[in-house]
Amino acid sequence: AGSASGKDEL
Amino acid sequence: MNIFRILGDVSHLLAMIILLVKIWRSKSCAGISGKSQVLFAIVFTSRYLDLFTNFFSIYNTVMKFVFLMCAYITVYLIYGKFRKTFDNENDSFRLEFLLIPVTGLSFLENQSFTPLEILWTFSIYLESVAILPQLFMISKTGEAETITTHYLFFLGLYHALYLANWIWRYQTENYYDQIAVVSGVVQTIFYCDFFYLYVTKVLKGKKLSLP
């Protein structure tokens, strides 16, 4: 799962 | 970035543009829930705070900026420029029924207990229910203008395409974000009834009106 810094989606 | 993700973003953008053009051309926001649009503005604002902390790509930055602008311009047109045409009477969904549970849940179920992360989670949960005032308004008045149904269709399509994007990413990158996926499934379910009416009525040239 992505972290706060890995959220590249809109 | 995969094809589902790109098409999802394009659908999302198209939905917002359709709504703006509809309001602008008809100089009226009749049949549009101002409350849903305010919720979407809150969704983008709380989610895109990372514009100031993280850089992903030009695409990411530009799209976030455009989405924010579209949301704020729409709210301005409804509550400012064309407020006389706004159907306040039928936009009667109680926002506290959404905001209180969504706020509570974002504090309870998040990836880390930090302000940005809680706000991101809040925005994801809120987006999944933000369309409810609009759907409530349609069920209350019993009808929707065809252009409003096109808006809802592309908004629903965006959610469906994002689901496909997550399946793709899980298969190819082993990536998944549980909060986003669960919320995405929930919001796509909200559109199912509408999709059915859209296909059976609007695409056959009839106006969407409920019995």
Side-chain angles (χ1 to χ4, degrees), chain A, chain B residues 1-2 4-6 8-13 16 43-44 47-51 53-57 59-68 70 110-121 123-124 127 158-159 161-162 165-166 169-170 173-184:
Chain A
S3 67
S5 57
K7 294 175 170 40
D8 61 324
E9 288 174 350
L10 299 168
Chain B
M1 193 145 35
N2 58 66
F4 303 113
R5 164 72 200 284
I6 283 278
D9 289 347
V10 169
S11 296
H12 197 179
L13 187 61
M16 289 191 284
V43 163
F44 292 137
R47 187 177 308 167
Y48 297 160
L49 288 173
D50 66 354
L51 271 173
T53 60
N54 281 313
F55 178 79
F56 297 98
S57 63
Y59 173 81
N60 187 277
T61 302
V62 170
M63 289 296 269
K64 281 176 175 170
F65 186 75
V66 171
F67 282 10
L68 278 166
C70 285
N110 49 56
Q111 280 168 7
S112 65
F113 204 77
T114 58
L116 266 188
E117 195 66 19
I118 291 170
L119 280 166
W120 179 86
T121 311
S123 83
I124 296 287
E127 188 186 12
Y158 140 64
H159 294 308
L161 285 163
Y162 255 62
N165 159 54
W166 290 322
R169 290 191 72 175
Y170 183 68
E173 305 166 41
N174 213 21
Y175 166 93
Y176 77 99
D177 186 315
Q178 197 177 341
I179 289 171
V181 171
V182 172
S183 304

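Every chain is numbered from 1, with letters handed out A, B, ... down the list of sequences.
In this structure, B:Asp9 and A:Glu9 have side chains that are not in contact, with every pair of non-hydrogen atoms separated by 4.5 Å or more.
Both the backbone and the side chain of B:Asn60 come within less than 4.5 Å of a heavy atom in chain A.
The environment of OH in B:Tyr59 is crowded: more than 12 heavy-atom neighbours from other residues, nucleotides or ligands sit within 6.0 Å.
In this structure a side-chain-to-backbone donor-acceptor pair under 3.5 Å is missing from A:Asp8 to B:Phe56.
Shortest non-hydrogen contact noted between A:Lys7 and B:Lys64 is O-NZ, 4.5 Å.
Between chain A and the options B:Asn165, B:Ile179, B:Thr53, B:Val181, heavy-atom pairs under 4.5 Å are most frequent for B:Asn165. Of the listed residues B:Met1, B:His12, B:Arg47, the one with more heavy-atom pairs under 4.5 angstrom with chain A than any other is B:Arg47.
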